[in-house]
Amino acid sequence: MRNLIQFSVIFFSLFTLQVQATAITDSTKQFETKVLGHIDLMNTHTAKLMNLSCDTQKDKLVKNWKISYSHYLAISYMDLEVITKNSLNYSFSFWPDKKNLIAQKMRLLLSAADFTDAYIDNSSAPVKGYQAIEYLLFDDSQKQINCQALKAITQNMLNNITLITSQIDQFRIIKAEFLTTQREIEGASIAFNQISNHLSAIIKKVESITNDKIHEKLYFSDAWRSKQALYFHKHNVNHAIKYIQIMSVLLSKQNQKILQTQITKLNKQLTQLPNNYFDIYTQNKETLLFKHLATLKKLSKTLSNVILADLSITLGFNNSDGD
């Protein structure tokens, strides 16, 4: 009888460990699927720019530019091997642009006799990607959209997105060996670290424009020409929240509740912020931004603490480093 009880305890323990391992793997796969979904939507809405009229459909051009850029920002500060291996880190966005190089380089680009996507590919980072398109759509110097430039820049982005998607199986976001019951905690570690990278980038961008008495730093935001930086920030925070919620199911109920309380506070703050950063200062609502930044930092710190406590995962390090 004693042997039977001991066997039952061992069996139950092994079964529990298997269930936990499966849950970790499932959440990690969901995170990877979410990231891949952002890449797919980047592709979909960037491709739409190629089929719209520069003369009569500016509103639709702006709409698809905003949606596609938002999905790029959702993955842009993650350390994705498929992007770094292809040296594409600055091929979709150039930030921070403290010297307004985008304007300087775009003026030179537009003075060229002829240019194609290959011409763009051989050019420097400031004339590539979503902010180069923003220049064409919103800069005061552009009285009408230069369609040749827009199509060339867009096609260059599509070429790069195609390259990414063609190699995604070769350079997995979460390598296959980290989606097994033997190494699943390493896969979760990678996912949590990618989420932390993304959240840290959001915080860094907000920090770059706070305590700005003369408002010059507002021009360092990644979409100041269109005054859409706060639009992108709100979407980016929502992306961060969804990432956290996917992985937080692995945490204790108490820590899930702690995270959700902070997330609820963040969501409320987002609804209270004006439409763009300029309005924050002109409407004297800087306090809202400072409180929002403090909540973001608290969420980042809490996430680090709870995953260490519940899963023994330390942000900034995972056992797969160097593999």
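What you are looking at is a predicted structure, and each value in this text was computed from that prediction instead of being measured.
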Worksheet item: Does Tyr119 have Lys151 sitting over its ring (NZ/CZ under 6.0 Å from centre, angle to axis within 45°)?
Response: no
Do the side-chain N and O atoms of [X] and [Y] include a donor-acceptor pair separated by under 3.5 angstrom?
X	Y	result
Asp139	Ser141	yes
Tyr69	Ser93	yes
Tyr90	Ser124	no
Asp97	Gln131	no
Glu177	Gln182	no
Asn159	Gln155	yes
Lys66	Gln228	yes
Glu134	Ser226	yes

Query raised in the report: Roughly how far, to the nearest 0.5 Å, is CD1 of Ile203 from OG1 of Thr295?
Result: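 CD1 of Ile203 is found 10.5 Å from OG1 of Thr295.
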Do Lys265 and Gln262 touch side chain to side chain, with heavy atoms closer than 4.5 Å?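 Counting from C-beta outward, Lys265 and Gln262 never come under 4.5 Å.
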TODO: Report the residues that fulfil salt bridge (Lys or Arg N to Asp or Glu O under 4.0 Å) with Lys205, sequence neighbours left out, ordered by chain and then residue number.
DONE: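 Partners of Lys205 under the salt bridge (Lys or Arg N to Asp or Glu O under 4.0 Å) test: Asp222.
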Transitive ILVMFWY cluster of Trp95, excluding itself - 4.5 Å side-chain cut-off |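 Trp95 shares its hydrophobic cluster with Tyr77.
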Notebook entry, point to check: Mind checking whether Phe232 and Trp65 have ring centres under 6.0 Å apart?
Noted result: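 Judged by ring-centre distance (under 6.0 Å), Phe232 and Trp65 do meet the cut-off.
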So that I know where these two stand, are His71 and His239 an aromatic pair - ring centroids less than 6.0 Å apart? yes
